[in-house]
Amino acid sequence: MSFSVLVIPEDPLQNGHILRPLVRALMRDVGRPRARVSVLTQPRVRGFDQAVRTIRDALCVNYGFMDLWLFFPDSDKAGRDAMRNLEAHVAGQGCGTLMCCVAHPEVEIFACAGFRNDIPEAWDEVRQHPRMKEEVFTPLLRVHGDPRRPGGGRDLMMSKSLGNLRLLFQLCPELRCLRDRIAVYLEGG
């Protein structure tokens with residue numbers, strides 16, 4: 001039986017290159033290695049507010065057939081209660097199952113995990129860094145990415161982070177929580 005997952009990033013052009021391989025790895029880890037993983041590109045969302053509006057108002061029509069929606073907002077705007085309310089709103093529409101996974105501080109942290117030894121700050125400091133994307137991720141991308149690839153080589157960095165999924169779960173516990181939620185969802189369905 002086929003299983004389809006829609007990944008909803010705040011920025012599909014950049015974050016999609018991190019999130020697609022990540023979600024594929026999560027689906028393998030929960031026993032669904034052939035899950036179809038798609039990144040939302042139509043409509044193309046730009047930022048948290050537009051992503052939330054799109055989830056609330058537009059996804060049921062075009063993506064209600066998908067088995068699972070995964071929203072990966074950055075932590076600057078995504079409060080815990082707001083994400084629970086958004087999940088409940090989608091459930092109330094009866095068109096799909098939404099799970100939110102707030103990235104601390106931003107989605108790019110997942111790609112940085114494989115290079116934690118190249119980062120001079122302690123990992124806990126990086127996870128709280130107010131300019132993590134600009135001051136930690138971007139220098140790593142310059143060294144470990146590839147500007148000739150789509151997304152600048154974000155997929156390459158994510159591949160390294162996914163090389164040790166258990167360590168990634170330890171460094172980014174929100175991913176472990178999401179993985180466990182998906183596993184429970186699949187057991188029930």
Audit row: R36, S2, side chain to side chain donor-acceptor pair (under 3.5 Å) steps and yes/no: CA-CA 8 Å; R36 286 180 288 125; S2 112; 3.0 Å; yes
Heavy-atom donor-acceptor pair, Q93 side chain to R56 backbone, under 3.5 Å: yes
Hey, is D49 close enough to K77 for a salt bridge, meaning N to O under 4.0 Å? yes
Taking the side chain as C-beta and beyond, is there a heavy-atom pair between R80 and V102 under 4.5 Å? no
Assess whether a salt bridge exists between R181 and E87, defined as any Lys/Arg side-chain N lying under 4.0 Å from an Asp/Glu carboxylate O. yes
Any sub-3.5 Å donor-acceptor pair from R154's side-chain atoms to G151's backbone N or O? yes
Using side-chain heavy atoms (C-beta onward) and a distance below 4.5 Å, is F72 in contact with I18? no
With side chains defined as the heavy atoms from C-beta onward, is the minimum distance between L167 and F169 less than 4.5 Å? no
Keeping the roles fixed (side chain from T54, backbone from Q50), state whether a donor-acceptor pair exists under 3.5 Å. yes
Would you mind reporting whether V7 and L40 have side-chain heavy atoms less than 4.5 Å apart? no
Would you confirm whether D74, through its side chain, and V107, through its main-chain N or O, come within 3.5 Å as a donor-acceptor pair? yes
I want to check something: taking the side chain as every heavy atom from C-beta on, are D29 and R179 in contact at a cut-off of under 4.5 Å? yes
Using a 3.5 Å distance criterion without hydrogens, assess whether the side chain of S161 forms a donor-acceptor pair with backbone atoms of A111. yes
State, with a plain yes or no, whether a side-chain heavy atom of Y63 is found less than 4.5 Å away from one of Q42. yes
Flag, side chain of S38 to backbone of L6, donor-acceptor distance under 3.5 Å: no
Who are the disulfide (SG to SG under 2.5 Å) partners of C177, not counting sequence neighbours? none
So does R148 have more than 12 non-hydrogen atoms from other groups sitting under 6.0 Å from CZ? no
Are L171 and F110 packed together at the side-chain level, in the sense that at least one heavy-atom pair is separated by less than 4.5 angstrom? no
Quick one: does C112's side chain get under 4.5 Å of V126's, heavy atoms only? no
Test R127 against H104 for side chain to side chain donor-acceptor pair (under 3.5 Å), laying out the working first. CA-CA 6 Å; R127 299 250 312 156; H104 293 279; 5.5 Å; no
